Chemist: 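Below is a structure I'd like to ask you about.
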Amino acid sequence: MEEGGEKQWSSLIVPSVLEFVKENNFTTVPSRYVQSDQEKAEILDDSSLSSEIPIIDMKHLCSVSTMDSELKKLDIACQDWGFFQLVNHGIDSSFLEKLETEVQDFFNLSMEEKKKLWQRNGEFEGFGQVNIVSEDQKLDWGDMFILTTEPIRSRKSHLFSVLHPSFRETIETYSYEVKNIAKILFTKMASVLEIKREEMEDLFDDVWQSIKINYYPPCPEPDRVIGLTPHSDAAGLTILLQVNEVEGLQIKKDGKWIVVKPLKHALVVNVGEILEIITNGRYRSVEHRAVVNSDKERLSVAMFHSPGKETVIGPAKSLVDKEKQCLFKSMSTQEFFNAFFAQKLNGKSHLDLMSI
Ligand SMILES: O=C(O)CCC(=O)C(=O)O
Ligand SMILES: [Fe+2]
């Protein structure tokens, strides 16, 4: 669907899982949410590696005496894991608590209130789902709300204006703070990879940031459903807050699923496909998923950071000049996203589109 010359990644409209849970007394999950045994049996969970997911300290990254060793840790985290937990990031704890409470209140709004914020036909932002391309596709056990936060000119006023003013202000502040963290991380990564600083800055100067709030209701048969289908993020960098400290996020490492244990107020940072492309494959965008449980709801807030829609993405020139081998094609962020959202989530399969 085209609007103002921009492609909208329309997804089929699906019912709210939270509403279903609230309105029905049930013990068996509707078939549309039941995953095939094949999908589930494939890989085992492994909790022993959870504690090895790297933790990066932002203060160490930014202070002269500790910078070098923390940069090394960052580099290894992005190469070997594609994921790390960021601590001492500078966002105030009391602010994060406010955000967490408001996010919870937001999903508890009445259905009537939520309808004002539902995806309009063919639109991507608002309450709803993404990557739903057919009526018989299995659905995830979760609801989501998506909003573009940057650039400010791209904000959808019909959604922003309906948000409660206090929540709107919280989202604006959070968006600003997280954007700055993302920009610092991009610069640090450029320095350790010896990508020219200006080249990285130019890519993310007009950063395109969106917020996605995920809500996974409890499920009486958690092992038969999936909260969020295995995927890797299309973005450059995702910065995620595990809101209510309920486990659910898992990343795939060496064929096993590893839990990313919630650390209070730490930010989970992961490399997305665009960063894998820019770094010519040095940094890896890793497959991850969210599982649900039988008695606790789970919430997370993801912030995605990508180059502006018209910006051309491809392996950084200053890197390829040295490495002499270019692994990916170049295309605009918009074209890359068009391809990403035209299909259902399926691990990392769409990165193949960019491979040379
Ligand atoms: O809920 C989570 O922890 C994962 C969310 C996620 O991967 C996403 O929104 O892309
Ligand atoms: Fe993700």
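Start at 1 and go down the list; that is how both ligands and their atoms are numbered. All values derive from a computational prediction rather than experimental measurement.
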Chemist: Among Val103, Thr149, Leu241, which residue satisfies the side chain to side chain contact (heavy atoms under 4.5 Å, CB included) criterion with Tyr174?
Modeler: Leu241
Chemist: Within a reach of under 6.0 Å around NZ of Lys59, are more than 12 heavy atoms found that belong to other residues, nucleotides or ligands?
Modeler: no
Chemist: Could you give all pairs that pass the salt bridge (charged side-chain N to carboxylate O under 4.0 Å, His left out) test and reach residues 160-173, with sequence neighbours left out?
Modeler: Arg155-Glu172
Chemist: Side-chain contact, heavy-atom cut-off 4.5 Å: Phe204 with Ile278?
Modeler: yes
Chemist: Here's a test for you: under salt bridge (Lys or Arg N to Asp or Glu O under 4.0 Å), which of Lys179, Lys309, Lys183, Arg153 qualifies with Asp206?
Modeler: Arg153
Chemist: Where the Fe ion (ligand 2) is the centre, what is the NE2-to-NE2 angle for His288 and His231, rounded to 10°?
Modeler: 90°
Chemist: Can you name the N, O or S atom of Asp233 that is closest to the Fe ion (ligand 2)?
Modeler: OD1
Chemist: Using a cut-off of 6.0 Å, state whether more than 12 heavy atoms not belonging to Arg32 lie near its atom CZ.
Modeler: yes
Chemist: Taking atom NZ as the centre, does Lys22 end up with more than 12 heavy-atom neighbours from other residues, nucleotides or ligands that are less than 6.0 angstrom away?
Modeler: yes
Chemist: Identify the protein atoms, limited to N or O, that lie within less than 3.5 Å of an N or O atom of ligand 1, and list each pair with its distance to 0.1 Å.
Modeler:
{"residue": "ligand 1", "atom": "1 (O)", "partner": "Tyr216", "partner atom": "OH", "Å": "2.6"}
{"residue": "ligand 1", "atom": "1 (O)", "partner": "Arg298", "partner atom": "NH1", "Å": "3.1"}
{"residue": "ligand 1", "atom": "1 (O)", "partner": "Ser300", "partner atom": "OG", "Å": "2.7"}
{"residue": "ligand 1", "atom": "3 (O)", "partner": "Arg298", "partner atom": "NH1", "Å": "3.3"}
{"residue": "ligand 1", "atom": "3 (O)", "partner": "Arg298", "partner atom": "NH2", "Å": "2.9"}
{"residue": "ligand 1", "atom": "7 (O)", "partner": "His231", "partner atom": "NE2", "Å": "3.2"}
{"residue": "ligand 1", "atom": "7 (O)", "partner": "His288", "partner atom": "NE2", "Å": "3.0"}
{"residue": "ligand 1", "atom": "9 (O)", "partner": "Lys212", "partner atom": "NZ", "Å": "2.5"}
{"residue": "ligand 1", "atom": "9 (O)", "partner": "Asn214", "partner atom": "ND2", "Å": "3.1"}
{"residue": "ligand 1", "atom": "10 (O)", "partner": "His231", "partner atom": "NE2", "Å": "3.1"}
{"residue": "ligand 1", "atom": "10 (O)", "partner": "Asp233", "partner atom": "OD1", "Å": "3.2"}

